[in-house]
Amino acid sequence: MTLNHSPETQTKLIARVPTITGRDLPEWFQTIDNGPSFLRCDERANWLADEHGLTHGYAVAIVLEHERRRRGRQF
């Protein structure tokens, strides 16, 4: 299983998250922050997909965006 999307695919998936899932990204980020303390991104993506009925592609995109923004906050 890979957690790599092309930058274009990632951008398109993230733009569609609110429409497809009915929830905005900050809500998904809060869900991740309040969820189980998985160390690996793939574990978080699998949990999101399983627990919240997301397709794997959207779950991965949300987790990767969460990580990208979290790293940005640490600088």
Side-chain angles (χ1 to χ4, degrees):
M1 164 184 13
T2 181
L3 290 183
N4 296 319
H5 291 133
S6 70
E8 297 83 19
T9 299
Q10 177 70 10
T11 299
K12 289 176 183 178
L13 287 170
I14 289 302
R16 288 189 299 239
V17 163
T19 303
I20 297 297
T21 68
R23 295 173 66 186
D24 291 326
L25 284 175
E27 292 177 73
W28 285 115
F29 297 162
Q30 188 69 37
T31 298
I32 292 170
D33 290 339
N34 292 336
S37 298
F38 294 118
L39 295 177
R40 296 179 11 199
C41 288
D42 63 332
E43 292 173 322
R44 276 183 252 137
N46 289 335
W47 173 76
L48 271 183
D50 293 344
E51 291 294 317
H52 297 280
L54 298 173
T55 64
H56 184 70
Y58 281 103
V60 168
I62 292 167
V63 168
L64 291 177
E65 189 67 15
H66 179 261
E67 284 298 304
R68 185 184 70 81
R69 293 185 188 190
R70 188 178 63 81
R71 284 192 308 265
R73 289 191 303 251
Q74 292 179 353
F75 293 113

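Quick caveat: nothing in here was measured; it's all calculated off a predicted structure.
- Here Glu51 pairs with nothing under the salt bridge (Lys or Arg N to Asp or Glu O under 4.0 Å) rule; sequence neighbours left out.
- Considering CG of Leu64 and CD of Glu67, their distance stands at 8.0 Å, rounded to 0.5 Å.
- Checked by atom type and distance alone, the side chain of Arg44 pairs as donor or acceptor with a backbone atom of Leu39 at under 3.5 Å.
- Counting heavy atoms from C-beta outward, Thr31 and Trp47 have side chains that approach closer than 4.5 Å.
- Atom OG1 of Thr21 sits about 5.5 Å away from atom CD1 of Ile62, to the nearest 0.5 Å.
- Expressed to the nearest 0.5 Å, how far NE2 of His56 lies from CG of Asn46 amounts to 6.0 Å.
- Distance CG/Leu48 to OH/Tyr58: 14.5 Å, rounded to 0.5 Å.
- A perpendicular orientation is assigned to the rings of Trp28 and His52, their planes being inclined by more than 60° (bins at 30° and 60°).
- Salt-bridge annotation for Glu65 and Arg69: present, with a side-chain N of the basic residue lying under 4.0 Å from a carboxylate O of the acidic one.
- The distance from atom CG of Leu13 to atom CD1 of Ile20, rounded to the nearest 0.5 Å, is 9.5 Å.
- Using a 4.5 Å cut-off on side-chain heavy atoms (C-beta onward), His66 and Val63 make no contact.
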